[in-house]
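In the text below, chain A, chain B and the rest are named by the order of the sequence lines, each starting its count at 1.
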2 protein chains.
Amino acid sequence: MSKIKETSTNFANKQALADHCSEVYASIILGGQWSIAICSWLANGKLRYCELKKSLPNITERMLSLQLRKLEDHKIISRSVFAGVPPRVEYELTAIGYELVPIIKMLESWGEKHKKCMD
Amino acid sequence: MSKIKETSTNFANKQALADHCSEVYASIILGGQWSIAICSWLANGKLRYCELKKSLPNITERMLSLQLRKLEDHKIISRSVFAGVPPRVEYELTAIGYELVPIIKMLESWGEKHKKCMD
DNA sequence: TAGGATACTATAAAAAATGTTAGTATGTCT
DNA sequence: AGACATACTAACATTTTTTATAGTATCCTA
């Protein structure tokens, strides 16, 4: 499933860093172009696949799927399928996922402030 | 200086996301394999280039330079050169850099907790 | 005089992440 | 009958990030 090469130096470095520093571990989980944006949208409640897609206008379906799957594997979001036609799939933050929300909010206000520094 | 292609879709997507969400903007700045680890080490005070190198055993000098330069460009760390032989260069978090420290601490405790969830 | 310490840079290659395009199944609506 | 909506996956291409290796300059010490 994962395409990463477990013999690479990069893999070893990530592992070593993540083992030593939980903050790096966290940042690896949250890394990826769209993960934080997805979590931000889900912070207000569950959303369907197509709703997420609309919220992130330029995301491709492939990236959306990949990121959702990754977040799901890390138990940050949960996935519920409702049978029927057309099918319906809802994504929602898990308990540990909701605990990210204050961190994301802090990142947001830090980002705002930082933008002003850079002017 | 930067090698990124400003005509790529990836570049456009990053821009758009960063414009809309300051939390994504922040995560882009802090992204990169070693940035958070470097900030973590600097949280306790200034360090020299070679001290950082020792703290991050597997980093290559190239990566260390690149990440330091990136953090410096984003005004998260400052660089002070002390002439002499051998030369001496010290890196330190800036004011806005220090404001990351509580966020990093939160990420750290979230990471700890998350690790337990995954067992 | 050879080697070490410091703080880097250059070039190339490998690996990882992201984007493009096309396709699946199923039942409703027109 | 044909288009549409949903929630995806597969194969491939491109871009970005990271690693590998080697080299720079200066002065001090052995």
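Between the P atom of C/dA7 and the CZ atom of B/F82 lies a distance of 11 Å, rounded to the nearest Å. Atom P of nucleotide D/dA7 and atom CG of A/L52 are separated by 10 Å, given to the nearest angstrom. Between A/R79 atom CZ and D/dT6 atom P there is a gap of 16 Å when expressed in whole angstrom units. The OH atom of A/Y49 sits 13 Å away from the C1' atom of C/dT24 (whole-angstrom rounding). Rounded to an integer number of Å, the gap from NZ of B/K14 to P of C/dG19 is 8 Å. In this structure, the CZ atom of B/R48 is 11 Å from the P atom of C/dC8, given to the nearest Å. Nucleotide D/dT19 holds its P atom 5 Å from the CG atom of A/N13, rounded to whole Å. The separation between B/M63 atom CE and C/dA12 atom C1' is 16 Å, rounded to whole Å.
In the model, B/S80 has no side-chain atom that pairs as donor or acceptor with a side-chain atom of B/E90 under 3.5 Å. Between the side chains of A/S35 and A/Q67, at least one donor N or O lies within less than 3.5 Å of an accepting N or O.
Distances were taken from every side-chain heavy atom of B/Q67 (C-beta onward) to each of C/dA7, D/dT18, D/dT16; the shortest belongs to D/dT18. Residue B/K5 has its side chain nearest to D/dT15 when only C/dA16, D/dT9, D/dT15 are considered. For B/S8, the side-chain atoms get nearest to D/dT15 when compared with the rest of C/dT18, D/dT15, D/dA7. Taking only side-chain atoms of B/I4, from C-beta outward, the nucleotide of D/dA7, C/dC8, D/dT17 with the closest atom is D/dT17. Closest to the side chain of A/P86, out of C/dA16, C/dA7, D/dT6, is D/dT6. Side-chain proximity of A/W34 to C/dG19, D/dA20, D/dT9: nearest is C/dG19.
At the heavy-atom level, B/G84 lies nowhere under 4.0 Å from the strands shown. Counting non-hydrogen atoms under 4.0 angstrom, A/T60 reaches a base of the nucleic acid.
Looking at which nucleotide of DNA chain D each of B/N58 and A/E61 is closest to, the 5′-most match is held by A/E61. Heavy-atom nearest nucleotides on DNA chain C were determined for B/F11 and for B/Y91, and the one closer to the 5' end corresponds to B/Y91. Along DNA chain C, the nucleotide closest to A/P87 and the one closest to B/R88 are compared, and the more 5′ of them pairs with B/R88. Toward the 5' end of DNA chain D, the nearer of the two residues B/K70 and A/S65, judged by each one's closest nucleotide, is A/S65.
Put simply, A/T9 has a side-chain N or O that comes within less than 4.0 Å of OP1 or OP2 on D/dA20. Between A/N10 and D/dT19 there is a side-chain polar atom (N or O) within less than 4.0 angstrom of OP1 or OP2. In this structure, A/Q33 does not reach the D/dT16 phosphate: none of its side-chain N or O atoms is under 4.0 Å from OP1 or OP2.
Between B/E112 and B/K115 there is no salt bridge, since no side-chain nitrogen of the basic residue lies less than 4.0 Å from a carboxylate oxygen of the acidic one. Classification of A/E108 and A/K105 as a salt-bridged pair fails, no side-chain N sitting under 4.0 Å from a carboxylate O.
Donor-acceptor pairing under 3.5 Å, judged by distance alone, is absent between the side chain of B/R62 and the base of C/dT9.
Separating the CG atom in A/L56 from the CD1 atom in A/I38 is a distance of 6.0 Å, to the nearest 0.5 Å. Between atom CD1 of residue A/I76 and atom NZ of residue A/K70 there is a gap of 8.5 Å, rounded to the nearest 0.5 Å.
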